[in-house]
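Notes follow once the structure below has been shown.
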Amino acid sequence: MAAAPLSSVTIVGGGTAGWMTAAALANHFKDKVKIRVIASSQIATVGVGEATIPTIRSFYQSLGLSDADIISATGGTVKMALAFRDWRGADSVFYHGFGGYGEDFGDVSFLNVFNRLRLEGDELDLDDYCLSTSLAKAGKFAMTGGNAPFYGAHFDFALHIDAGRYAAFLKTYAEARGVTYTDAKITQVNLDPDSGHIKTLDLDNGTEAGGNLFIDCSGFQGLLIHKALGVGFEDYGQWLFCDRAFAVQAESHTPPPPTIDVYAHDAGWQWTIPLQQRNGTGFVYASDHMRDDEAYDAFLKRIPGKLLLEPHQLKFRPGHRHKAWEKNCVAIGLSGGFIEPLESTSIALIQTGIEKLKQLFPASDFHPALQREYNDIFAAEYERVRDFVLFHYCAATREDTSFWKAVKAVTLPDSLTRKLTLYKERGHFVRYRWEMFHPQSWLAIYNGYRIYPDQVDPAAQAIPLNKARQRLKQMKDLIAQSVARAASHQDFIDYCNRTTQGKIHVRA
C-alpha cells in the first residue's frame, strides 16, 4: 500500500532561503500542500548575497516573473561578468563573462583554432570573441534572443539584487498563494522519541507548531539540522582559507556597471556590487593571515563612497553538512553549507536545493532512497563549487604575502587536478554530474590566468591559416558591431523600471 502524501511543510527562517523556498513550493504544489513560514522579525538575516549567477533567471521565470519584475522590485542591475582585479598581480584584470566564445570550425573546436593561431604568434584576445564580456567592458547590455549570429554572441546574464528587498518581494508572492507566516522565535525543538523525527516546535508566543516536513532555513546556526538533529559538518578549510568577512552598504553616484569588481588583497579579496541606488561592498579574509582589526582598517580604506551604515562582520566555515536531508528535515541555504561568495553561488545553491526537493518530495514514509539521492547530489554540487572557487586561488600568480604563499602550497583535490591536467595537456574540459559552472566559465578563468593547452590539435593544424584568420576576424567584427549598436546598461534598467512601475506582473 502506498504511503500517504505529505500535507504540510514548515519552513524555519524567513531570509532569502526561506522565502525562495516558500514561493517555489507554493507555486509548484498549488493548494495540495500547506506551507508555513516561521521566522522572527527580531532576528536579522545575513543579507549580503546580492550577486547571483544566471540560474536565478530560470528560478523567477518558473514563478511567472520577468527580469523587469525582479530588477524593479529589488533595485537590481544586470550582471554580465565579474572583473577580477589584482589576482595576477598589481593592476591586472580579467573577466568571467556568462557567454560562449567564438564558433567551432566543424568538429574542430574554436579553442583549438584560437590556440594554434596564438602559437603562430598572432596577437589575440579571447574576450574579443565573447559578446557578454565585450558588452560588460563597454558598460552596455542587449537582449540577443535567438538572433545571435554565432556561438560567441550567445550569452546569459545574472542580476545584482538587494537581498532584503528580494526576500520581501517573494514573501508577498508566497503569501498571495496561501503561505502563512508566523512572526515568532523557536524556543524548543521536540523530537519523536521513537523515530527521532521533528515532531513540533515550541514558539515564544506560547503556541506550538507542527508539520510533516520541516525545512531548515535558519542560517549558519542550523537550528534544526544541526542543533536538534546533530548532523555534522564537512569542513573545506584545508583548501579554502577565507573564513571571515566584513560587509556594508555605501553610496554610489555613478551609473551602475553591468559587472561586479572582485579585488584581490593581502589575505583574501573584496567585492563591490552595483545596485541602482547604492553599492554593496565586502571584505573577505583568512583570519589565520589577517587580524580582525587589520581587516577592518584595510576595508575602510578601500570602500568606494560614503558608508550608509556600520560594517558588520560574518564568521563562517567553508563546507557543508554531512547530510542536507536527515529524518524529516531538509536544510536549504546557509544551514546546509557555505562556500565563500567569490563566484556568487549562495543563491544558486538555494535554488538547486529547492529543485531537488521538488523532484524528490517524499510521502509520509520518507523513503530512504529519496534522502540518499538528495544527499548525494547535495555533496557533489558543493564539491564542484569548491573546486571552481579553489581554482581561482591555486592559479593566481601572487606570492607576495603569507596568505598567497599558503594558497600556492595547497594540495588540490583529485577532481580538480584531473580537470587542470587534461586542459593543459589537450584543451579538454572534464564535465562532472551536478556541476554548476560550464566549460565556458572554466575557459574564462583559464584565459584570465593565461593558462593555455600545451598541445595543438592536429585537426586545427589542417585548417589553412588564412581561412582561420579570416573567420576569426569576422567573429571579432560581428561582436564589435553588436557592442556598438547596444544600448547602455542604464537604459535597460530605466526600461525595466518604466515597464513595471512597481507592480508585480505574473504570467500564467
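In this text, all values refer to a predicted model and were calculated from it rather than measured experimentally.
- The six-membered or imidazole ring of F98 lies away from that of F155, with a centre-to-centre distance of 6.0 Å or more.
- Inspection of the S109 and N112 side chains reveals an N or O donor paired with an N or O acceptor under 3.5 Å.
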Acceptor/donor pairs from residues 379-386 side chains to any protein atom, 3.5 angstrom cut, sequence neighbours excluded:
from, atom 1, to, atom 2, distance (Å)
E381, OE1, T352, OG1, 3.2
E381, OE1, K356, NZ, 2.9
Y382, OH, G337, O, 3.2

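- One finds a salt bridge joining K419 and E435 here, because a Lys/Arg side-chain nitrogen approaches an Asp/Glu carboxylate oxygen to under 4.0 Å.
- Under 4.0 Å is where a charged nitrogen must lie from a carboxylate oxygen, and between R426 and D454 no such pair does.
- For F361 and F29, the gap between ring centers is short of 6.0 Å.
- With ring centers used as reference points, F110 lies 6.0 Å or more from F105.
- Looking only at atom types and distance, the side chain of D127 has no donor-acceptor partner in the side chain of T133 under 3.5 Å away.
- For the 3.5 Å distance criterion, the side chains of Y449 and H392 fail to qualify, holding no donor opposite an acceptor.
- Between the SG atom of C496 and the CG atom of D69 there is a distance of 9.0 Å, given to the nearest 0.5 Å.
- The structure places CG of D156 at 11.5 Å from CD1 of I56, a figure rounded to the nearest 0.5 Å.
- A donor-acceptor pair shorter than 3.5 Å can be found between the side chains of R36 and T182.
- Residues S344 and K79 bring a donor and an acceptor atom of their side chains to less than 3.5 Å of each other.
- In terms of modelled atom types and a separation under 3.5 Å, the side chain of S364 and the main chain of L6 share no donor-acceptor contact.
- Exactly one of N205, I38, D204 qualifies for a side chain to side chain contact (heavy atoms under 4.5 Å, CB included) with K185. That residue is D204.
- Ring-centre distance between Y393 and W87: below the 6.0 Å cut-off.
- Between V407 and F241 the shortest heavy-atom distance is N-CE1, 3.8 Å.
- Centroid-to-centroid, the aromatic rings of W269 and F283 stay 6.0 Å apart or farther.
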(request) Applying side chain to side chain contact (heavy atoms under 4.5 Å, CB included), run through I215 and L357 and close with a yes or a no. (result) CA-CA 10 Å; I215 301 179; L357 181 58; 3.5 Å; yes
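- Of the residues listed (F391, Y432, F437), the one engaging W442 in a ring-ring contact (aromatic ring centres under 6.0 Å, His included) is F391, and it is the only one.
- Using cut-offs of 30° and 60° for the angle between ring planes, the H96 and F388 rings count as perpendicular.
- You'll find the ring centres of F338 and F316 inside the 6.0 Å limit.
- For the pair I347 and T16, the minimum side-chain heavy-atom distance is below 4.5 Å.
- Taking the six-membered ring where the residue is Trp, the centroids of Y446 and Y423 are separated by under 6.0 Å.
- Inspection of the D162 and T74 side chains reveals no N or O donor paired with an N or O acceptor under 3.5 Å.
- Side-chain polar atoms of N190 and D202 form a donor-acceptor pair below 3.5 angstrom.
- Expressed to the nearest 0.5 Å, how far CG of L240 lies from CZ of R317 amounts to 13.0 Å.
- Side-chain contact annotation: D387 with S415, donor-acceptor N/O pair under 3.5 Å present.
- M436 places a side-chain heavy atom less than 4.5 Å from the side chain of L349.
- For the pair R372 and Y374, the cation does not sit on the ring face, since its NZ or CZ is not both under 6.0 Å from the ring centre and inside 45° of the axis.
- Aromatic ring centres of Y236 and H320: separated by under 6.0 Å.
- Taking each heavy atom of W404 and G268 in turn, the nearest pair found is CZ2-O, 3.8 Å.
- F429 is not listed as a side-chain neighbour of L422, based on a closest heavy-atom distance of 4.5 Å or more.
- Aromatic ring centroids of H197 and F214 lie 6.0 Å or more apart.
- Legend: residues meeting side chain to side chain donor-acceptor pair (under 3.5 Å) with Y285, ordered by chain and number and at least two apart, are D292, Q313.
- Side chain to side chain, Q188 and T200 fail the donor-acceptor criterion of an N or O pair below 3.5 Å.
- Cation-pi geometry between R57 and F157 is met: under 6.0 angstrom from the ring centre, within 45 degrees of the axis.
- To the nearest 0.5 angstrom, E343 atom CD is 12.0 Å from T52 atom OG1.
- Under a 3.5 Å cut-off, the side chain of K227 and the backbone N or O of G222 do not form any donor-acceptor pair.
- Using modelled atom types and a 3.5 Å distance limit, the side chains of N447 and Y95 yield no donor-acceptor pair.
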